[in-house]
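In what follows, a structure is listed as C-alpha cells, so that the remarks can point back to it.
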2 protein chains.
Amino acid sequence: MFAALADGSRRSMVDRLSRGPATVKQLAEPLVMSLPAVLQHLRVLEESGLVRSAKSGRVRTCHLEPAALNAAEQWIADRRAEWLSRLDRLGDYLETPELDSEGDQS
Amino acid sequence: MFAALADGSRRSMVDRLSRGPATVKQLAEPLVMSLPAVLQHLRVLEESGLVRSAKSGRVRTCHLEPAALNAAEQWIADRRAEWLSRLDRLGDYLETPELDSEGDQS
DNA sequence: CCAATACTTAAGCAGGTGCTTAACCATTCG
DNA sequence: CGAATGGTTAAGCACCTGCTTAAGTATTGG
C-alpha cells in the first residue's frame, strides 16, 4: 500500500487519476516509459487496492479508489495523533510543578 | 518519504516511536533482526525526515518528526479531495436530467 | 477483410533493498 | 585498567524492482 505510493511514476499516475478516470494510453502519455512498464505499475496500484480498472472493448479505463487512499491517510493520522497527544500530556506534566520554567506555549 | 514507510519493519519503528522516544536498542528489541539492520532502517527514516535522533553518551535516542508525517498525509488528502470533489461535480451533472436513476447517495 | 489501435504477455537484465556476519569505536561500571 | 554495553562501519549476498524489447491478442475503422 505505501509500497505502491513509494514509486514516483506511480504517484504521477495516482495524481493523474485524481483528476478523473483515464485509459492506459492516457496514463502512459506523460511518462517517459514503454506501455508494458505502465501496465506493471498499474498492476501494483491495483493489487494495493488504490486503483480499479475495467476493460470495455479494447480500452481499459482506470479510476482511483478513495477508500484505499483513506486507509493510508488514517494510518499516518493515527501515529501523528498518538505522538501529539503524548506531547500534550508531557506539556501538562511540565505545567503542574514549578521548577524554573515559565514559558508555557512558546 | 513514502518509500520509507513502504517497509513493514520501518512502519513498526514509526509505530513504536509514536508512543514516545526510544533508543536504538529499544527500537530493535521487538524486531527479529540484527542491530546493524535496524541502524540501516533508522538511516532511511532519518533521510526521509520522518525521524530524528541525537546521541548522548553512548546511547542514541530517536523521536518522530510529526511535520514530516503531516506532509505525507497531506499529499494523500489532496488527491482524495480532488477525486471526491470531481465525484460531487459529476453528481450535480447527473442530477439535472432524469435518465432512470433514483438513488442519489447510496 | 486488412491494417491500425490498444493493450497484454513473456523473458531478461541492471541496479536497488534488506539482511547477514565480522570487526571496530566509544562510554560506562566494577 | 579492563570488561560489558550500545552503537557504528564495511563487505557481501539473495532477492526484489523497474525497466526494456519482442512477440502476441483483441477490437475497431476503412
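Owing to the predicted nature of the structure, the values given are computational and were not obtained by experimental measurement. Letters go in sequence order (proteins before strands), and every chain restarts at 1.
What separates CG of Leu42(A) from C1' of dT9(C) is a distance of 15 Å, to the nearest Å. Rounded to an integer number of Å, the gap from Phe2(A) CZ to dT17(C) C1' is 19 Å. Whole-Å rounding puts the Leu39(A) CG to dT17(D) C1' distance at 16 Å. Between the CD atom of Gln40(A) and the C1' atom of dA11(C) there is a distance of 11 Å, given to the nearest Å. In this entry the distance linking CE of Met33(B) with P of dT21(C) reads 13 Å, nearest Å. Note: CG (Leu35(B)) to C1' (dG18(C)) measures 15 Å, nearest angstrom. The interatomic distance linking Leu27(B) (CG) with dG7(D) (P) rounds to 10 Å, in whole Å. Atom NZ in Lys25(B) sits about 4 Å away from atom P in dG6(D), given to the nearest Å.
In the set dG7(D), dT8(C), dG18(D), dT8(C) carries the atom at the smallest distance from any side-chain atom of Pro36(A).
The CZ atom of Arg19(A) sits 6.5 Å away from the CZ atom of Arg79(B) when rounded to the nearest 0.5 Å.
In this model, the phosphate group of dC19(D) is approached by a side-chain N or O of His41(A) to a distance below 4.0 Å at OP1 or OP2. Side-chain N/O atoms of Lys55(A) include none lying less than 4.0 angstrom from OP1 or OP2 on dA26(D). An OP1 or OP2 oxygen of dT8(C) is reached within less than 4.0 angstrom by a side-chain nitrogen or oxygen of Arg60(A). Side-chain N/O atoms of Ser34(B) include one lying less than 4.0 angstrom from OP1 or OP2 on dT20(C).
Just one residue in the list Arg43(B), Lys25(B), Met13(B) forms a side-chain contact (heavy atoms from CB on, under 4.5 Å) with Val38(B), and that residue is Met13(B).
Proximity of a side-chain donor or acceptor of Arg10(B) to a complementary backbone N or O of Ala4(B) within less than 3.5 Å is detected. Formation of a donor-acceptor pair under 3.5 Å by the Arg16(B) side chain with backbone atoms of Leu27(B) is not found in this model. For Arg11(B) (side chain) and Leu5(B) (main-chain N/O), a donor-acceptor pair under 3.5 Å exists by modelled atom type.
In terms of position along DNA chain D, the nucleotide closest to Val32(A) lies nearer the 5' end than the nucleotide closest to the other residue of the pair Val32(A) and Ser56(A).
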Applying side-chain contact (heavy atoms from CB on, under 4.5 Å), run through Leu50(A) and Leu64(A) and close with a yes or a no. CA-CA 6 Å; Leu50(A) 284 165; Leu64(A) 226 54; 5.7 Å; no
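Aromatic ring orientation, Phe2(A) versus Trp75(A): perpendicular (interplanar angle above 60°, classes split at 30° and 60°).
Within residues 6-20 of chain A, the residues that place at least one heavy atom under 4.0 Å from DNA chain D are, in residue-number order, Asp7(A), Ser9(A), Arg10(A).
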